[in-house]
Amino acid sequence: MSTGLQTRPARQSSALVVLALAFACLVAGLCVVSFVGLGLDPQTQRLLEARQPPTPGHWLGTDLVGRDVLARVVHGASVTVIGPAAVALGAVAIAVPLALVAAERGGVVDAVVMRTSDTLLALPSILVIIVIAGLFGGGYWLAAAVLVFLIVPSGLRIARSVALGQKNLPYQEAARLIGASTPRRMFVHTLPNLLPTIVATLLLDFVAALVALSSLSFLGLGAPPGSTDWGTMLAENLRLIEQNPWACLAPAVMLVLTAYSATTIGDWLHLRLEGRRG
Amino acid sequence: MKIAVWLGRRLIAIVLQLLIISFLTFSLLFLMPGSPEQILIGPNPATAEQLESIRERYGLNEPFLAQYADWLGAAVHLDFGTSIANGEEVSSLLIERSGVTVSLAIYAIVLLLLLAVPLGLVAGARAGGTADRVISAVTTMLVSAPAFATGLLLLYVFGVVLRWFPIFGFGSGFTDVVWHLTLPAATLAIAVIALIVRQTRAVAATIVRSDYVLFGRARGVAPWTIWTRYLLRGSSMPLVTSMGLVLGFFLTGTVVVERLFSIPGLGSLLINAVSTKDLPVVQGATILVSFFVLLANLLADASHLAVDPRVRKAVLA
């Protein structure tokens with residue numbers, strides 16, 4: 001006999017969650033630093049000091065044209081993270097109201113919303129944004145805008161099923177009896193109960209957008225050449241892998257850890273908030 | 001008989017999906033910035049005569065739907081026109097490149113099964129133990145990260161530091177190709193390893209506590225036999241369906257991996273074509289990759305029907 005417990009994914013160890021939170025704070029700190037500046041110099045080219053492995057002056061060495069890799073990795077934090085964060089916020093801002101309306105109205109509205117989202121979900125999203133971003137020449141932000149719509153369906157499905165589960169609970173009926181209008185019931189009464197789902201979706205959408213946009217930059221179709229986007233840096237420093245491997249290892253490690261931290265925090269928050277709800 | 005009906009339905013669905021995709025890719029010619037004539041001539045300035053001859057050749061003076069019909073008629077015969085960049089037949093380019101990509105995808109599936117299934121069995125047999133937690137944390141990390149970043153780490157460790165494998169190119173001759181494709185295929189495989197590990201783990205965790213394993217142990221069946229005959233065989237069923245999903249991911253994920261390891265496959269063809277706005281190549285590659293993905297899904301469902309009589313009964317009833 002299997003007890004449900006054994007087939008669930010392994011429990012996350014709390015040490016990993018703490019590490020993930022610490023790393024997320026680090027990335028957030030780097031974003032602040034890259035905005036404030038703090039004597040960062042990610043763009044100055046020193047051709048005489050090009051292609052150097054780590055030295056006391058340049059802790060992660062220099063790239064092809066002698067730019068300081070550490071300064072570029074720090075500066076790249078905001079460049080790399082803000083796009084995906086905006087995409088995740090945009091996707092959730094579209095998905096949640098749609099999910100509430102689809103669950104509330106049911107029938108034709110629900111069918112139209114869900115079939116459209118199924119169709120979008122079936123598209124290979126990386127192919128779609130490669131073709132659109134490449135051929136239309138809109139670059140990074142056009143790709144981000146298209147990505148919002150490609151990412152909406154996954155969150156929409158989950159949010160809708162949670163909203164449907166709330167529909168026949170006693171508090172909904174109580175709200176109806178005291179004469180709350182439908183929009184008020186949806187957004188003041190139902191919405192707070194979707195919070196765990198929204199938080200988890202936000203972080204998972206962020207990871208999906210981070211992977212898509214950084215891949216696009218890596219392929220040379222996202223951020224412009226010379227940008228400090230970690231995907232662009234990795235691609236441009238690939239030919240330095242023998243002389244100064246840190247120039248492409250550092251952005252790679254940052255991307256892996258950022259994506260992993262966001263996933264871990266998302267799972268953890270979801271379990272916690274779900275648990276509290278009972 | 002019912003199998004034929006099911007298959008027929010699925011094939012019709014694939015044809016319809018391909019029609020929609022082909023319509024969208026055809027429309028790109030008119031949606032892209034710039035006039036269709038100029039797009040088809042390329043970046044160089046053109047004389048009025050050249051524009052007229054392009055219009056004549058591609059039938060640009062005809063109504064939109066008639067043009068689509070002509071284009072589709074040619075596309076059905078695998079004729080996507082010629083590349084704007086170098087004048088080569090798009091179809092011969094596609095054939096030349098798909099061999100590379102398909103072998104990469106197949107190799108990645110082999111590596112995926114070799115890596116993921118044993119890990120899933122170990123994790124599931126001692127669910128909740130240390131090995132389980134480590135495997136779960138590592139595979140979660142690999143699945144959430146972008147494939148080019150984990151691929152770069154593989155490339156650095158096994159290609160640059162240890163020098164076991166070459167770091168770019170395709171090679172020639174079977175063993176040389178396998179040698180060249182190992183790191184790219186491993187990159188694809190570890191990008192989806194969590195999916196297969198989780199599945200194998202869930203099934204193994206159920207089987208390990210089942211009565212027949214208990215009785216097997218009680219009668220003194222060797223542990224090795226329990227692992228291979230009981231756990232491995234029991235876990236293999238759900239894997240069959242995931243293979244379609246995985247193959248679909250490989251065929252699109254290869255775009256990034258081919259770029260990282262400089263492999264001349266369909267993915268790098270598509271990226272080059274997109275960057276140089278070589279529309280006929282983009283159209284051909286998009287349709288071919290979509291077709292492969294749809295075919296992979298069909299194969300997965302069909303093999304699921306073939307191995308599992310319960311599913312066969314449910315679907316065909």
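Reminder, nothing fancy here: chain letters follow the sequence lines and each chain counts from 1. These numbers come from the heavy atoms of this one structure, side chains and all, not from hydrogens, waters or symmetry mates.
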Is the number of heavy atoms from other residues, nucleotides or ligands within 6.0 Å of [atom1] ([X]) greater than 12?
X	atom1	answer
Phe149(A)	CZ	no
Arg10(B)	CZ	yes
Phe23(A)	CZ	yes
Phe291(B)	CZ	no

Let me know if [X] has heavy atoms under 4.5 Å from chain A in its side chain, its backbone, both or neither.
X	answer
Val208(B)	neither
Ile167(B)	side chain
Leu260(B)	both
Leu214(B)	neither
Val160(B)	side chain
Ile135(B)	neither
Val282(B)	side chain
Leu31(B)	both

Checklist entry - Highest number of heavy-atom pairs under 4.5 Å with chain B: which of Ile241(A), Leu255(A), Leu219(A)? => result Leu219(A)
Checklist entry - If you tally heavy-atom pairs under 4.5 Å against chain B, which of Pro251(A), Ala133(A), Ser214(A) wins? => result Ser214(A)
Compare every heavy atom of [Y] with every heavy atom of [X], then report the nearest pair and how far apart it is.
X	Y	value
Pro146(B)	Ala259(A)	CD-CB, 4.5 Å
Leu152(B)	Ala252(A)	CD2-CB, 3.6 Å
Gly134(A)	Val274(B)	CA-CG1, 3.2 Å

Report yes if some heavy atom in the side chain of [X] is under 4.5 Å from a heavy atom in the side chain of [Y]; otherwise report no.
X	Y	value
Met141(B)	Leu257(A)	yes
Leu127(A)	Val293(B)	no
Val256(A)	Leu142(B)	no
Thr263(A)	Val143(B)	no

How long is the span from the [atom1] atom in [X] to the [atom2] atom in [Y], to the nearest 0.5 Å?
X	Y	atom1	atom2	value
Thr254(B)	Ile126(A)	OG1	CD1	12.0 Å
Leu210(A)	Ser144(B)	CG	OG	9.5 Å
Ser215(A)	Arg259(B)	OG	CZ	11.5 Å
Arg133(B)	Leu16(A)	CZ	CG	9.5 Å
Phe148(B)	Leu238(A)	CZ	CG	11.0 Å
Leu135(A)	Leu28(B)	CG	CG	6.0 Å

Checklist entry - Between Ile130(A) and chain B, which part of the residue has a heavy atom less than 4.5 Å away: side chain, backbone, both or neither? => result both
Checklist entry - For Leu249(A), is it the side chain, the backbone, both, or neither that has a heavy atom closer than 4.5 Å to a heavy atom of chain B? => result both
Next on the checklist: For Phe136(A), is there any backbone N or O sitting under 3.5 Å from a side-chain donor or acceptor partner on Lys277(B)?
Outcome noted: no
Next on the checklist: Set out, in order, the CA-CA distance, both residues' side-chain angles and the distance that settles side chain to side chain contact (heavy atoms under 4.5 Å, CB included) for Thr25(B) and Val131(A), then state yes or no.
Outcome noted: CA-CA 9 Å; Thr25(B) 45; Val131(A) 170; over 6 Å; no
